[in-house]
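Input: a single structure, listed below in structure tokens.
Worth knowing before you read on, the calculation uses all heavy atoms, side chains too, and leaves out hydrogens, waters and symmetry mates.
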Amino acid sequence: MACPTQCLYRALRTVGLVLFYYVFSIGITFYNKWLMRDFHFPLFMTLVHFVIIFSFSTLTRFAMQCWTGKPRVTLPWKVYLSKVAPTALATTLDIGLSNWSFLFITISLYTMTKSSAVLFILFFSLVFKLEEPNPFLILVVLLIASGLFMFTLKSTQFNLEGFIMVLLASFIGGIRWTLTQVLMQKAELGLQNPIDTMYHLQPLMFLGLFPLFLLNEGLSVSTTEKLFRVSELSHLLYSLVTLSVGGMLAFGLGFSEFLLVSRTSSLTLSIAGIFKEVCTLLLAVEFMGDKMSTVNWLGFAVCLSGISLHVGLKTYYNKGNGPMVRQLPVRDNPDLELPLLQTKEDYCEDTNDEEEQEILY
């Protein structure tokens, strides 16, 4: 296959992965907000999602093993607890706090605050030496931070408790996706496939969130008429169906997120969310009754300009003006190729490879 064709193929594949992620990300955001209007147990809902994701991952691994005839990777306990547990804990806190915040804040405030995750991903990427430090990154940080401040300034639907939850989730999300990138790019672990990653993460995520659930929702869930004290079977079936639909959306979101991270990087996941966040805000204002002032919209634009500037910086450095992303060591793995880890020679020997890296990063 000629190199231009390879570049076009990888570009289309990346766009497809981003759109695939958009569908589940926007869908589950609105679905969870809608569900939280009547079902006020976000941590229990999240635990159910973890169980469903683990079940789907197990079935998918079994189907893949039957199809290929090759056994799937299963980590030994020592490696599992030492390597996977930190990522699982960060992931469960990120998801749990994000779902919890829907009890207090609007979709627009949630979306805007979660966009600050790129700051924390950038910070932890520097800490873990996945990125090279650059003075222009200070401007990126200032734009995103000032945009977030303008968005929350004099907001008529601002809720401090929910805002702190989402901001903390964004901070933990920076740790989460940086650790996830490192986890999936360690070839010796064999977790490059997103299904295997989700399969190994879910049990520890469930155990990590369960104590918080017992402390905050245990008694309430055990006495609610929507589940365990239900008076009519139809109400119980309705609750189970709505929770299951959310679980399936969560599985699709987790799969699309991990797939996008494994083939690009954790920062690409946040950058790809620029247009997704615009769509989410427009949909929230149109269909959910969210209210935004001119200052709020201006703050959102400033924040997006900071994220866009970072895209431009990465494109500039990927065109040979200096390294910005460190290459991590990796061995050949037939299960899933990782563009982030490959050198230019691995893609193509001519200069057209720069276009490919511009898209992937």
Side-chain angles (χ1 to χ4, degrees), residues 20-21 23-25 27-29 31-32 34-36 39 41-77 79-81 83-85 87-96 98-100 176 180 183-184 189-214 217-218 221-222 224 226-228 230 233 235-262 335-336:
F20 184 63
Y21 159 67
V23 170
F24 289 103
S25 181
I28 198 170
T29 297
Y31 187 85
N32 285 345
W34 169 79
L35 186 61
M36 287 298 101
F39 190 84
F41 308 107
L43 299 183
F44 178 78
M45 177 193 73
T46 306
L47 289 176
V48 173
H49 290 179
F50 291 163
V51 173
I52 294 176
I53 293 173
F54 179 75
S55 301
F56 274 108
S57 300
T58 303
L59 292 175
T60 305
R61 275 167 54 94
F62 178 75
M64 293 170 65
Q65 182 170 323
C66 293
W67 178 264
T68 62
K70 299 179 181 179
R72 307 304 304 173
V73 61
T74 302
L75 297 180
W77 280 105
V79 177
Y80 181 56
L81 294 177
K83 303 296 184 182
V84 179
T87 304
L89 180 60
T91 303
T92 192
L93 290 176
D94 179 15
I95 296 175
S98 296
N99 289 338
W100 200 350
R176 167 196 179 185
T180 299
L183 182 70
M184 298 184 71
L189 295 180
L191 296 182
Q192 286 85 354
N193 190 291
I195 295 297
D196 293 326
T197 304
M198 288 192 292
Y199 170 82
H200 284 84
L201 284 175
Q202 302 312 307
L204 291 177
M205 291 168 60
F206 185 94
L207 294 176
L209 189 63
F210 192 73
L212 189 60
F213 157 73
L214 287 180
E217 299 179 1
V221 169
S222 63
T224 180
K226 293 182 179 294
L227 291 171
F228 298 106
V230 65
L233 181 61
H235 293 166
L236 177 61
L237 292 177
Y238 176 79
S239 297
L240 294 177
V241 169
T242 52
L243 289 173
S244 299
V245 171
M248 288 185 285
L249 288 174
F251 174 78
L253 175 59
F255 178 77
S256 62
E257 284 178 332
F258 283 123
L259 192 61
L260 187 58
V261 169
S262 67
D335 200 29
L336 186 66

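- The OH atom of Y31 lies 14.5 Å from the CG atom of L253; values are rounded to the nearest 0.5 Å.
- The side chain to side chain contact (heavy atoms under 4.5 Å, CB included) search around V221 returns F41, F44, F213, E217, L227, F228, not counting sequence neighbours.
- The CG atom of L183 sits 6.5 Å away from atom CG of L201, with the distance rounded to the nearest 0.5 Å.
- For the residue pair M36 and M45, the shortest heavy atom distance occurs at CE-SD, 3.5 Å.
- Between the side chain of S55 and the backbone N or O of V51, at least one donor-acceptor pair lies under 3.5 Å.
- Two residues are said to be in side-chain contact when any heavy atoms from C-beta on lie closer than 4.5 Å; R176 and L93 fail this criterion.
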Show me the side-chain donor-acceptor pairs of residues 203-210 shorter than 3.5 Å, one per line, residues at least two apart or across chains.
none

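- With sequence neighbours excluded, the residues forming a side chain to side chain contact (heavy atoms under 4.5 Å, CB included) with F255 are F20, P194, I195, M198, L259, listed by chain and number.
- Applying the side chain to side chain donor-acceptor pair (under 3.5 Å) rule to S25 yields the partners K276; only residues at least two apart in sequence or on another chain are considered.
- Taking N99 as the reference, N32, T46 meet the side chain to side chain donor-acceptor pair (under 3.5 Å) condition, with sequence neighbours excluded.
- The side chain to side chain contact (heavy atoms under 4.5 Å, CB included) test applied to T58 returns F54, Y199, not counting sequence neighbours.
- Taking 4.5 Å as the limit, some side-chain heavy atom of L35 sits within range of a side-chain heavy atom of L243.
- The shortest side-chain heavy-atom distance between V79 and H200 does not fall under the 4.5 Å cut-off.
- Note that CD of Q65 is 12.5 Å distant from OG1 of T60, once rounded to the nearest 0.5 Å.
- With contacts defined as side-chain heavy-atom distances shorter than 4.5 Å, the pair F24/I28 does not qualify.
- Looking only at distances, a side-chain donor or acceptor of T242 sits under 3.5 Å from a matching main-chain atom of S239.
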